[in-house]
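Heads up, the thing below is written out as structure tokens.
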Amino acid sequence: MNPTYQPAEVESRWYPVWEESGSFRPEVNPDGEPYSIVIPPPNVTGVLHMGHALDHAIQDAIIRRKRMQGYAALWLPGTDHAGIATQNVVERELRKEGLSRQDIGREAFIEKVWAWKAVSGDTIASQMRKLGDSTDWTRERFTFDDGLSAAVRKVFVTLYDEGLIYRANRIINWCPRCHTALSEIEVEHENDPGELTYIKYPFVDGSGFITVATTRPETMLGDTAIAVHPDDERYQDAIGKSVILPLMEREIPVVGDEGVEHEFGTGAVKVTPAHDLLDFEIGRRHDLDPIVVIDTEARITVDGGEFAGMDRFEAREAVRSRLREIDAIEAIEEHPHSVGHCSRCHTVVEPLLSLQWFVEVQPLVGPAIDAIRSGRTRFIPKRWEKNYFHWMENLQDWCVSRQLWWGHRIPAWYCDACGETIVSMEDPTECSCGEGELRRDEDVLDTWFSSALWPFTTLGWPNETADLAKFYPTSTLVTGFDIIFFWVARMMKMGLHFTDDAPFTDIVIHGMVRDTATGRKMSKSAGNALDPLELIDEYGADSVRLALIQAAAPGHDVPLQTEWVDAARRFGNKLWNATRFAVEFMDVSRVPVDGGYPENPGPEDAWILSRLGEVAAEMDRLLDDYRLADAYSLLYNFAWSEVFDWYLEMAKTIARDDDRVDTMRETLGIVVRDVLKLFHPAIPFVTEELWSHMTDGGELLVSAPWPKVPAYESPANVDSLVDLVTEVRRFRSQHQIARKTDIAVTIVSSNDPLPVWWLDQLGALANCSPANGQRPDSTAGHTRLSSCGVEAYIALVGLIDVEAERPRIEKVIADLEAAIDRSRAKLDNPNFKGRAPAEVVSQEEQRLGEVEAELVKQQRQLQELG
RNA sequence: GGGCGCUUAGCUCAGCGGGAGAGCGCUGCCUUCACACGGCAGAGGUCACUGGUUCGAUCCCAGUAGCGCCCACCA
């Protein structure tokens with residue numbers, strides 16, 4: 001037997017067995033209640049990173065337990081076509097060949113993306129298998145497969161017919177590098193040093209000038225007005241006058257608008273309706289025609305006069321230096337502010353006036369808020385609900401059109417004769433006007449549009465499939481807080497609108513995996529990412545999973561370092577060795593897959609069984625609350641320190657006792673079996689392997705029933721013996737008494753005959769059986785140990801330096817006295833007895849009694865030292 | 001400018017109204033025949049600070065300080 005567990009070989013062996021046996025299909029529990037989770041679909045061209053590993057470890061632990069509990073458990077896998085991200089990847093590949101997507105054309109490009117998907121699209125699926133994800137691959141979906149695409153079209157057409165999708169010319173966020181519009185949540189605001197430039201605009205009538213402050217001087221080329229607050233006393237005379245726009249020599253009005261703040265800058269603002277959202281609205285209120293001076297390449301347009309063709313940042317400097325030449329700059333001061341960047345490529349986004357498709361979100365918001373508020377769907381932890389509400393209540397309409405090629409093409413056609421817009425399920429062939437050619441909209445939909453439909457489209461919607469009826473609404477969604485807005489909120493809105501049900505009952509939010517060294521989120525760009533695949537190769541998937549699960553407190557970021565993965569691996573090794581030892585040396589085998597709890601256990605057996613029952617019950621409570629970290633830390637400690645360090649050691653000795661060997665073996669088998677079961681959702685591979693060695697064969701652990709442990713009562717005697725043994729060990733350790741036989745322990749009395757294990761651990765002399773044990777003639781020179789009906793003496797003379805023991809006992813006595821004082825003060829307080837629950841009072845009294853008894857014992861020991 | 005979270009053992013974090021916990025690290029002893037990736041025994045904390053509520057506060061409330069995150073059209 002190899003003393004070290006080798007995960008790689010074992011892990012590669014089990015996944016195919018599980019998958020081929022159909023164990024991941026809900027059909028394994030045909031009569032079970034349905035329980036379903038849809039996976040947050042990873043990018044189809046992506047690779048597994050730590051965030052996935054965490055997300056998947058949690059989901060897998062949840063679904064595996066539900067499966068074992070007998071639910072018809074479905075974890076539905078799939079991938080996202082990930083519009084911009086995927087297109088960027090393929091364009092990068094093309095560029096290596098010196099080509100752009102425009103060079104090869106739309107059709108060829110899309111073929112290229114599909115080809116890319118065919119090669120790299122399975123990567124994530126095979127990596128999920130390595131991780132052990134028990135997803136039902138027969139139900140795998142892709143946001144761009146035929147079924148989902150048809151559903152996307154149906155949703156678009158329906159919303160259009162309901163008036164909830166419209167096309168309009170608005171200020172949108174434009175990424176000049178990706179060449180597409182973005183929604184506002186795809187814009188990341190970052191701090192920028194920035195400068196505020198104060199520019200003087202002279203009045204037409206020659207009565208001086210008005211000064212405005214701007215962080216973007218280049219946009220002045222498109223100014224169509226100056227705005228001040230209508231109540232601003234400084235500018236009462238100015239409203240209604242006109243100024244000359246410097247450099248452009250255009251006459252523009254000064255208007256009063258309530259959107260302007262008194263305090264900021266000079267209280268007067270330049271208005272550039274084509275390049276700023278606030279300015280756009282001011283422009284609309286005052287009937288100002290926008291002038292576009294920055295194009296989709298972020299260059300100055302022909303309307304920008306002498307600056308035409310310049311890049312926007314180049315133009316910023318050029319405009320400033322020209323203004324300086326004509327003495328139109330009053331001041332330039334530092335002004336830190338935040339600037340929007342494209343969340344994909346980090347380019348500074350440009351607010352542009354553009355014709356785009358929008359979803360009107362307000363009518364969808366109400367039901368999505370109600371579902372949470374009423375408790376039909378809940379966030380875990382609950383505090384995320386506040387973020388969700390706040391975000392929902394402040395939504396702008398969702399810009400859903402993207403100027404990309406990879407995505408669901410918008411099903412809208414325009415007639416070049418009459419200008420009619422046709423949005424329909426079927427591709428139209430001609431316009432109702434009878435003339436003119438129909439031209440299809442070039443744009444595709446935001447990736448998140450199809451993701452928003454994921455919980456029901458993956459189950460067959462709009463068809464009324466059996467899966468949709470059975471598994472929708474889904475039970476639980478597990479995801480990171482970073483996509484609550486992108487994804488969760490939109491699924492809630494779309495789900496409620498199209499199915500009348502919220503798509504899930506529980507929304508479990510976890511944090512980001514953080515690197516403990518830098519304290520930062522793990523990411524490739526930060527350069528601090530641990531690669532889960534490398535960790536799996538080195539430590540095994542079980543170890544990575546257990547480390548993540550144990551670190552994942554609900555709703556908090558998850559710190560991780562390789563040392564923890566190594567600790568988890570060492571646990572796997574321990575589990576491996578302990579179980580193999582039980583099987584090979586203790587003859588624990590052919591354990592029943594369920595039940596089989598001993599009816600007449602010995603005292604030690606009853607003790608471990610009672611602990612098993614407590615741990616299993618507590619785990620169920622914790623797991624039902626999604627507190628996986630607590631549940632698995634509890635089990636980890638129980639398994640290691642109680643089952644392996646205590647019970648297994650007891651069992652070795654007890655096994656020599658013919659009368660007890662059978663129940664011991666039975667108990668050991670059952671306890672280890674249930675530990676494997678309880679651990680399986682977290683560490684499926686090693687538990688399945690060990691299970692195969694100890695059960696009577698045939699049935700896989702993956703679909704074995706979850707433990708239901710009957711209640712056992714732990715004999716009080718065992719607990720006190722544990723204390724006694726610990727005390728003897730401490731004594732020996734402290735006085736460096738290496739061999740047990742170097743110490744003479746006399747058992748004077750015991751309520752029950754002591755099993756040989758205890759005598760051995762205590763180092764008691766074989767001839768000092770408890771029944772006829774004699775108290776030493778003189779207790780002086782002995783130390784007396786007693787605990788709950790057991791009394792024992794250790795002979796000290798000639799064994800230790802008596803004086804070395806004295807200070808320790810004195811410190812213990814001092815601590816006990818302090819505890820007694822505290823306890824007495826509490827009990828003497830009439831308010832305590834009057835107002836605290838009776839239970840607490842009696843508990844306190846009992847504690848005082850125990851501490852006092854301990855004090856007496858310690859004092860006697862001190863005396864007996866002589 | 002709003003909102004949220006965090007501050008507990010050397011490190012990373014649990015706990016959250018009634019006796020301060022885990023992992024890793026540290027100290028001592030043990031190569032004992034499942035595991036030295038192990039065993040046994042230990043050391044180590046005024047639970048950020050200040051008030052309040054309570055019979056009782058690490059836990060609840062208010063405030064202070066430090067750290068982190070999210071949202072935001074003050075140009």
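Since we're looking at a predicted model, the values are computed, not measured. Below, chain A is the first sequence line, B the second, and so on; all start at residue 1.
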### Task
Indicate for each nucleotide in nucleotides 70-75 of chain B, in 5' to 3' sequence, whether protein heavy atoms under 4.0 Å reach the base (B), only the sugar-phosphate (S), or nothing (-).
-SBBBB
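- Listed nucleotides rA41(B), rG3(B), rG39(B) differ in distance to Arg729(A); the shortest reach to its side chain belongs to rA41(B).
- For the pair Glu334(A)/Pro193(A), no side-chain contact is recorded, criterion being any heavy-atom separation below 4.5 Å from C-beta on.
- Checked against Phe571(A) for a ring pair (Phe, Tyr, Trp, His ring centres under 6.0 Å), the options Trp576(A), Trp640(A), Tyr539(A) give a single hit: Trp640(A).
- When side chains are defined from C-beta on, Phe832(A) counts as touching Val840(A), because their heavy atoms get closer than 4.5 Å.
- Separation of the C1' atoms belonging to rU8(B) and rG21(B) is 10 Å when rounded to the nearest angstrom.
- Taking atom C1' on both rG18(B) and rC13(B), the two are 24 Å apart, rounded to the nearest angstrom.
- Taking atom CG on Asn394(A) and atom P on rG1(B), their separation rounds to 19 Å, with Å as the unit.
- Within the 4.5 Å cutoff, side-chain heavy atoms of Val271(A) are placed close to those of Pro273(A).
- Below 30°, between 30° and 60°, or above 60°: for Tyr632(A) and Phe679(A) the angle between ring planes is between 30° and 60°, a tilted geometry.
- With both ends at atom C1', the span from rU58(B) to rC6(B) equals 15 Å, rounded to whole Å.
- For Lys574(A) and rG39(B), the shortest distance from a side-chain N or O to OP1 or OP2 is below 4.0 Å.
- Using the six-membered ring where Trp is involved, Phe585(A) and Phe581(A) have ring planes that are parallel, under 30° apart on the 30 and 60° scheme.
- With a 4.5 Å cut-off on side-chain heavy atoms, Asp566(A) and Arg569(A) count as touching.
- Rounded to a whole angstrom, the distance from the P atom of rG44(B) to that of rG52(B) is 32 Å.
- Asn573(A) places its CG atom 8 Å from the P atom of rA36(B), with the value rounded to the nearest Å.
- Straight-line distance from the CZ atom of Phe581(A) to the P atom of rG39(B): 14 Å, rounded to whole Å.
- One atom, OH of Tyr5(A), and another, C1' of rG38(B), lie 19 Å apart when rounded to the nearest Å.
- In this structure, His510(A) has its ring center no closer than 6.0 Å to that of Tyr626(A).
- Ring-centre distance between Phe379(A) and Trp384(A): not below the 6.0 Å cut-off.
- Within the 4.5 Å cutoff, the side chain of Thr479(A) has heavy atoms near those of the Ile509(A) side chain.
- Only the P atoms considered, rU27(B) is 33 Å distant from rC16(B), to the nearest whole Å.
- Between His262(A) and His229(A), the ring-plane angle classifies as tilted under the 30° and 60° cut-offs.
- Contact of Arg569(A) with rC37(B) (side chain to base): a donor-acceptor pair of N or O atoms is detected under 3.5 Å.
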### Query
Tell me, for nucleotides 13-26 of chain B in 5' to 3' order, what letter each nucleotide earns: B for a base near a protein heavy atom under 4.0 Å, S for only sugar-phosphate near one, - for neither?
SS-S-BB--SSS--
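- Between the CZ atom of Phe389(A) and the P atom of rC4(B) there is a distance of 14 Å, given to the nearest Å.
- The CD atom of Glu538(A) sits 15 Å away from the P atom of rC37(B) (whole-angstrom rounding).
- Distance, Phe644(A) CZ to rC40(B) P: 13 Å, rounded to whole Å.
- In RNA chain B, the stems built from three or more successive Watson-Crick or G-U pairs (distances below 3.5 Å) are B:1-7 with B:65-71, B:10-13 with B:21-24, B:26-30 with B:38-42, B:48-52 with B:60-64.
- Between the CD1 atom of Ile484(A) and the P atom of rG5(B) there is a distance of 13 Å, given to the nearest Å.
- rU46(B) sits 14 Å from rA20(B) when the P atoms are compared, rounded to a whole Å.
- Trp564(A) does not carry Arg514(A) over the face of its six-membered ring by the limits of under 6.0 Å from the centre and within 45° of the normal.
- A distance of about 16 Å separates the C1' atoms of rU12(B) and rG45(B), rounded to the whole Å.
- Separation of the C1' atoms belonging to rU31(B) and rC37(B) is 15 Å when rounded to the nearest angstrom.
- Between Glu850(A) and Arg847(A) there is no salt bridge, since none of the side-chain N atoms of the basic residue sits less than 4.0 Å from a carboxylate O of the acidic one.
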